[in-house]
Protein chains: 2
Amino acid sequence: MKIGELSTLTGCSVQTIRYYEKEHLLPKTQRSEGNFRLYDDASVEHLLFIKRCRSLDLSLSEIRQLLELRYSPNAPCDEVSHMLSSHINHVRARIEELINLEDQLASLLHSCPSQGTVKKCEILKNLTATQKIMS
Amino acid sequence: MKIGELSTLTGCSVQTIRYYEKEHLLPKTQRSEGNFRLYDDASVEHLLFIKRCRSLDLSLSEIRQLLELRYSPNAPCDEVSHMLSSHINHVRARIEELINLEDQLASLLHSCPSQGTVKKCEILKNLTATQKIMS
DNA sequence: TTTAAACTCTCTAGTCACTATAGAGTCAAG
DNA sequence: CTTGACTCTATAGTGACTAGAGAGTTTAAA
Ligand SMILES: [Zn+2]
Ligand SMILES: [Zn+2]
Ligand SMILES: [Zn+2]
Ligand SMILES: [Zn+2]
């Protein structure tokens, strides 16, 4: 199949597929006489693997490592779980940050009745102050 | 004061300060005879305002709008709170996404005892499957 | 006074994971 | 034989910086 069909089958854009090839996440394929890339069912599966990993917010370099493991059947499997748990730590850390942000933003929003003019806006005053807002 | 002092006073790097000027978040300053940028206390305050907004993950274009409001003392203040509540929605949406991710990653991690070889790794099998993992 | 260090200037390129063009070539249907 | 859909490569843009080259300026010590 050609790149367009792979694209519709996987939901990855044509440019993204070519980009993954350039980044060595997809192997270079055969080409047709007219220099079109040719794919098969294994390509679909491979690309869907990548897509699933991306949907878990794994970086391309994390995915590259997972792909290497995937094609090293005798490697110890705890490398896989080690990678995933370090990634879950990235996610958890980011969640913490964002919840903290949410609190601060909510406090800011509550600090002003939002009925006057900018001149007296408590939100802007709080943003100007360097210390953290008390809730 | 010169850019280096502004940098240490605010904790923004020299390059970042120049970048903010290029992006019109900081006004163009006076220059010394030797073409060095010169700043004053108002610059410090202005830059700290930006820094505080960035620490709340506001985008530079959101900050540009806030800065405009900040220098329009008679504008209605609800524009400020409107902007902040739309931003808090960005944050909340991202938190939702990440919590969902965390769940999926945790399920994946639990799906494999991680004691065999890659060949039998349930994590990789689950990543290969296209449907979502059941927890 | 010289000279070295520390600072500043502009300009360019790199980061990440794409996305969006431009301009050219290929292929199938009508 | 032409039209249109598809594909190719190469390049530039996104956001918010960061890093570096190569040149000029200032300050302090030797
Ligand atoms: Zn990660
Ligand atoms: Zn207000
Ligand atoms: Zn926002
Ligand atoms: Zn496993």
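Chain identifiers are assigned alphabetically (A, B, ...) following the order of the sequence lines, protein sequences preceding nucleic acid strands; residue numbering begins at 1 within each chain. None of these values were measured; they are calculated from a predicted model.
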Engineer: Of B/G34 and B/S61, whose closest DNA chain D nucleotide lies nearer the 5' terminus?
Structural biologist: B/S61
Engineer: Please work out which residues in residues 4-25 of chain B have a non-hydrogen atom less than 4.0 Å from an atom of DNA chain D and list them by number.
Structural biologist: B/S13, B/Q15, B/T16, B/Y19, B/Y20
Engineer: Does a donor on one side chain sit under 3.5 Å from an acceptor on the other, for A/D78 and A/S81?
Structural biologist: no
Engineer: Looking at A/E68, I want to see if its CD is surrounded by more than 12 non-hydrogen atoms of other residues, nucleotides or ligands under 6.0 Å.
Structural biologist: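 No, the 6.0 Å shell around CD holds no more than 12 heavy atoms from other groups.
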Engineer: Between A/E122 and A/K125, does any side-chain N to carboxylate O distance fall below 4.0 Å?
Structural biologist: yes
Engineer: Tell me which of B/N35 and A/N35 sits closer to the 5' end of DNA chain C, going by the nucleotide each one is nearest to.
Structural biologist: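 Nearest nucleotide further toward 5': that of B/N35.
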Engineer: Under 3.5 Å, is there a donor-acceptor pair between the B/S43 and B/D40 side chains?
Structural biologist: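 Judged by distance alone, the side chains do pair up.
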Engineer: Only one of B/R18, B/Q30, B/K28 clears side chain to side chain contact (heavy atoms under 4.5 Å, CB included) with B/R37; which?
Structural biologist: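 Running side chain to side chain contact (heavy atoms under 4.5 Å, CB included) over B/R18, B/Q30, B/K28 with B/R37 returns exactly one hit, B/R18.
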Engineer: Would you say the side chain of A/V91 lies within less than 4.5 Å of the side chain of A/H87, judging by non-hydrogen atoms?
Structural biologist: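 Yes; the side chains approach each other to less than 4.5 Å.
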Engineer: Going 5' to 3' along DNA chain C, between which two nucleotides do contacts with chain B fall, using a heavy-atom cut-off of 4.0 Å?
Structural biologist: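 Contact span on the strand: C/dT8 to C/dT10.
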Engineer: Report the residue (A/R64 or B/L38) whose heavy-atom-nearest nucleotide on DNA chain C is the more 5′ of the two.
Structural biologist: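 Looking at the nearest nucleotide for each, B/L38 comes out on the 5' side.
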Engineer: B/R37 has an atom CZ; how far is it from atom P of D/dT25, in whole Å?
Structural biologist: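 About 15 Å, once rounded to whole Å.
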Engineer: Going from CE on A/M1 to CG on A/L9, what distance comes out if it is rounded to the nearest 0.5 angstrom?
Structural biologist: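 One finds 5.5 Å between CE of A/M1 and CG of A/L9.
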Engineer: Are B/Q104 and B/N100 linked by a side-chain donor-acceptor pair shorter than 3.5 Å?
Structural biologist: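 Yes, because at least one side-chain N or O of B/Q104 sits under 3.5 Å from a partner of the opposite role on B/N100.
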Engineer: Rounded to 10°, tell me the angle between the two end axes of the helix from C/dT1-D/dA30 to C/dG30-D/dC1, each built from five pairs.
Structural biologist: 30°
Engineer: Would A/H46 and A/Y71 count as a ring pair (Phe, Tyr, Trp, His ring centres under 6.0 Å) if you check the C-alpha gap in whole Å, the side-chain angles of each, and the deciding distance to 0.1 Å?
Structural biologist: CA-CA 11 Å; A/H46 188 110; A/Y71 295 116; 5.8 Å; yes
Engineer: Could you walk me through whether A/H82 and A/E79 pass the side-chain contact (heavy atoms from CB on, under 4.5 Å) check?
Structural biologist: CA-CA 5 Å; A/H82 184 266; A/E79 291 186 35; 5.5 Å; no
Engineer: Between atom CG of B/L105 and atom OG of A/S85, what is the distance when rounded to the nearest 0.5 Å?
Structural biologist: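 Answer for the CG-OG pair, B/L105 versus A/S85, is 10.0 Å.
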Engineer: Starting at atom CG of B/L60, determine the distance to atom C1' of D/dC17, rounded to an integer number of angstrom.
Structural biologist: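 Whole-Å distance recorded here is 9 Å.
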Engineer: Once you round it to whole Å, what is the distance between P of D/dG15 and CZ of B/R54?
Structural biologist: 12 Å
